[in-house]
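Residue numbers begin at 1 in each chain, while the letters A, B, ... track the order of the sequences.
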Amino acid sequence: MAARTKAGRAPSVERVRGTRDILADDMRRHRAVEEAAWATARRYGFTEIATPVFEFTEVFARTLGETSDIVTKEMYTFDDRSGDSVTLRPEFTAGVARAFISNGLRQQVPLKFFCRGPMFRYERPQKGRLRQFHQVDVEILGVAEPLADVEVIALGADFLAGLDLADKVKLELNTLGDAETRKAYRTKLLAYFADHRGKLSGDSLNRIESNPLRVLDSKDEGDREIVARAPRITDGLNDASKRYFDALLDGLHVAGVAYEINPRLVRGLDYYCHAAFEFTTQALGAQGTVLAGGRYDGLIEMMGGTPTPGTGWAAGVERLAMLIAETEPEVRPIAVVPVGAALEGPVLELAQRLRRAGFTVDMGYSGTLAKRMRRADRIGAAAAVIIGEDEIDRDAATVRDMASGEQREIALASLEHHLERYRGKADGR
RNA sequence: GCGGGUGUAGCUCAGCUGGUUAGAGCGCCAGAUUGUGGAUCUGGAGGUCACGGGUUCGAGACCCGUCACUCGCCCCA
């Protein structure tokens, strides 16, 4: 008797909770999102790198904040066979910062990196919230000037606009100030909340202990009232932080990026400062954040590197894939079809000839002419190249345009030339 | 981690207050059409009714538990 899960199915066919198989249609959308991000990043002068999917646990535990939810209850952490504690990455930035230090990249600053790949977080699954999900990510390392934030935010805006999501998404922006500002603000905020302790929700009372700034974006009705009258960080910025924020706003204006200042926007991770921003949508329910990031000047130092400023963002590929319009396959294949099994040999030879010439070619494995034509139709072939005894005798092929149904006999010698018109072209049925 | 909803064919769903071999549409396969796809018609395959237990003469329907998905909270991309 095979082992069974509690659900009663053989575990070998059960997906792990919060994971999914990305099948053809989804994969096309997934790729469309990734490629749009990469294409935009490239235009901004970024280069693509890849860091490991897992790191020593310390890399994340130290940088994300010992008390953050991600570290305390959401990481996939385990000991490998040598007894080292490793963790499947829950986010990109810490790994990129680690790579920056490990590879001595300090010398090559400023650096602009693009990454993509899977992330792992043990959360309760929901639409747009998976245990394995994918992100595209962009980081600028070694630039303290707000111009880097402007560039990174403009890149995000262009990326989303390129996906045709400009209307579905809005940019919210805030500043967290520098360390001095944040410390002073924290004290002020704590004092304010202490005065209103009785009226805060239980969740928020807990947050006061762990991350008081988080109370600011509570969804509880009662909390919101109190938060609305709470002191704002933007009112208590020290000179440096104020100058920084003003320059950022100016830069966005010049770059033509529309934003909305949200004084309640905060970050869950400890290493953020100054710029904090999110592109959000109403279309995905509770999981409305589609791209988020900010500045993390202290991170690399915190990890033991020479102090190096950084800024960047990550975007959820699955969330964006749900928002974009249907995508069409980019190439339609050419179907080669033998009339009768006896001609499969010569047709295979022809298929290989065309493939090596750069055409996308599909060949059925069995069946009558009608069946093979049906298959050609179903895979969206642009044209069918039909070869029967008659064609063989004349050293030719019959080429059928699948959209119009028109057929022409073409000499084998000039077949590639004739098929040029179907290369990488959608026929618009 | 907390609260609510849902779970019937590959997909979308029907199945009335528990009653004989569980249905439809789409899709799939085959044929009408032995050198021609998309349309139409005909036929066919496909279901431990999420899983386990209970109530009952009898459960897809009712009860309990589990699992998964989903909505909100939490968290966050």
Side-chain angles (χ1 to χ4, degrees), chain A residues 4-11 14-20 23 25 33 37 64 68-74 90-93 116 118-137 156 201-204 206-207 210-211 214 217-221 223 266-269 278-281 284-293 313-323 335 337-340 343 364 367-381 383-391 398-407 427 429:
Chain A
R4 306 214 143 219
T5 62
K6 285 178 184 168
R9 289 204 183 125
E14 184 97 346
R15 247 178 302 124
V16 172
R17 186 173 197 207
T19 64
R20 53 181 215 128
L23 302 182
D25 285 357
V33 171
L64 299 181
S68 71
D69 275 30
I70 290 188
V71 171
T72 55
K73 39 194 185 207
E74 294 178 1
E91 58 116 36
F92 261 125
T93 307
R116 57 177 124 189
M119 299 294 148
F120 305 85
R121 251 119 96 159
Y122 188 87
E123 295 185 276
R124 179 147 170 177
Q126 235 176 81
K127 184 162 67 171
R129 191 168 79 179
L130 296 157
R131 301 254 260 205
Q132 176 178 335
F133 62 101
H134 296 76
Q135 290 187 334
V136 288
D137 174 272
S201 67
D203 272 338
S204 285
N206 289 333
R207 276 184 284 232
S210 56
N211 188 347
R214 270 277 162 209
D217 68 351
S218 170
K219 283 168 186 152
D220 182 89
E221 286 289 329
D223 288 353
V266 295
R267 290 279 78 132
L269 277 21
E278 280 180 15
F279 285 85
T280 59
T281 177
L284 291 178
Q287 273 64 241
T289 302
V290 112
L291 182 156
W313 52 252
V317 174
E318 282 86 355
R319 288 184 187 179
L320 288 167
M322 284 189 281
L323 291 177
V337 353
V339 181
L343 293 171
T368 62
L369 215 210
K371 180 177 166 180
R372 290 173 195 260
M373 289 303 290
R374 212 176 305 131
R375 177 176 163 79
D377 181 56
R378 206 147 9 147
I379 61 174
V385 175
I386 302 163
I387 303 228
E389 296 296 348
D390 299 350
E391 283 84 356
T398 296
V399 176
R400 181 181 179 88
D401 182 302
M402 294 300 283
S404 68
E406 278 168 43
Q407 294 193 177
D427 67 14
R429 299 186 288 186

With sugar-phosphate meaning primed atoms plus P, OP1 and OP2, does [X] contact a base, only sugar-phosphate, or nothing at under 4.0 Å between heavy atoms?
X      : result
A/G18  : sugar-phosphate
A/T368 : nothing
A/G128 : base
A/A292 : sugar-phosphate
A/L130 : base
A/D390 : base
A/E91  : nothing

task = Find out whether the Lys NZ or Arg CZ of A/R131 is both under 6.0 angstrom from the six-membered ring centre of A/Y122 and within 45° of the ring's axis.
result = yes
For [X] and [N], what is the distance between atoms [atom1] and [atom2] respectively, to the nearest whole Å?
X      : N     : atom1 : atom2 : value
A/D203 : B/C2  : CG    : P     : 13 Å
A/N206 : B/C2  : CG    : P     : 15 Å
A/M322 : B/C69 : CE    : P     : 14 Å
A/D377 : B/G27 : CG    : P     : 13 Å
A/L284 : B/C76 : CG    : P     : 18 Å
A/F120 : B/C75 : CZ    : C1'   : 19 Å
A/R374 : B/U34 : CZ    : P     : 12 Å
A/L291 : B/C76 : CG    : C1'   : 13 Å

Please pick, from [options], the nucleotide with the shortest atom-to-atom distance to any side-chain atom of [X].
X      : options             : result
A/R378 : B/C29, B/C74, B/A77 : B/C29
A/T398 : B/C75, B/C74, B/G35 : B/G35
A/M373 : B/C69, B/U36, B/C75 : B/U36
A/L369 : B/U36, B/C74, B/A77 : B/U36

Salt bridge (charged side-chain N to carboxylate O under 4.0 Å, His left out) involving A/R372 - partner list, sequence neighbours excluded =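 So A/R372 forms a salt bridge (charged side-chain N to carboxylate O under 4.0 Å, His left out) with A/E344.
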key: Partners passing salt bridge (charged side-chain N to carboxylate O under 4.0 Å, His left out) against A/R20 (at least two apart in sequence or in another chain)   =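 Here the qualifying residues are A/D26.
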Distance below 4.0 Å between [X] side-chain N/O and [N] OP1 or OP2:
X      : N     : value
A/R17  : B/C69 : yes
A/K219 : B/C74 : yes
A/K371 : B/A30 : yes
A/Q126 : B/G72 : yes
A/K127 : B/C71 : yes
A/R375 : B/C28 : no
A/R207 : B/C75 : yes
A/R400 : B/G38 : no

Partner nucleotide, any strand, of [N] [Watson-Crick/G-U, under 3.5 Å]:
N     : answer
B/G37 : none
B/U56 : none
B/C16 : none
B/G43 : B/C29
B/C67 : B/G7
B/U21 : none
B/G72 : B/C2

Has the side chain of [X] got a donor or acceptor atom sitting under 3.5 Å from an opposite partner on the base of [N]?
X      : N     : value
A/R124 : B/G3  : yes
A/R121 : B/A77 : yes
A/Q407 : B/G35 : no

Roughly how many Å apart are [M] and [N], using the [atom1] atom of each and rounding to a whole number?
N     : M     : atom1 : value
B/G18 : B/G38 : P     : 47 Å
B/G23 : B/A39 : P     : 28 Å
B/A24 : B/C69 : P     : 31 Å
B/U40 : B/G47 : P     : 27 Å
B/G25 : B/A9  : C1'   : 12 Å
B/A22 : B/C41 : C1'   : 27 Å
B/U48 : B/C2  : P     : 32 Å
B/C13 : B/U8  : P     : 9 Å

Most 5' of A/G388 and A/F133 on RNA chain B, judged by nearest nucleotide =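 Nearer the 5' end of the strand: A/G388.
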inquiry  = Go nucleotide by nucleotide along RNA chain B from the 5' end; which of A/S218 and A/H134 gets its closest nucleotide reached first?
reply    =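 Looking at the nearest nucleotide for each, A/S218 comes out on the 5' side.
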inquiry  = Looking at every non-hydrogen atom in both residues, tell me the closest pair between A/M119 and A/P90 and how far apart they are.
reply    =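 Shortest heavy-atom separation between A/M119 and A/P90 comes out as SD-C, 3.9 Å.
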Contact summary for A/R319 and A/V290, nearest pair of heavy atoms = CB-CG2, 4.1 Å
inquiry  = If only side-chain N and O atoms count, and only distance matters, is there a donor-acceptor pair under 3.5 Å linking A/D223 with A/S218?
reply    = yes
inquiry  = I'd like to know if the side chain of A/R121 reaches the main chain of A/Q132, judged simply by a donor and an acceptor atom lying under 3.5 Å from each other, with no hydrogens or angles considered.
reply    = no
inquiry  = Is the shortest side-chain heavy-atom distance between A/V136 and A/W313 below 4.5 Å?
reply    = yes
query = Are side-chain heavy atoms of A/I386 and A/V339 found at a separation under 4.5 Å?
reply = yes
Reference residue A/E318; test side chain to side chain donor-acceptor pair (under 3.5 Å); the match among A/Q135, A/H134, A/Q287 =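 Output: one option passes, namely A/H134.
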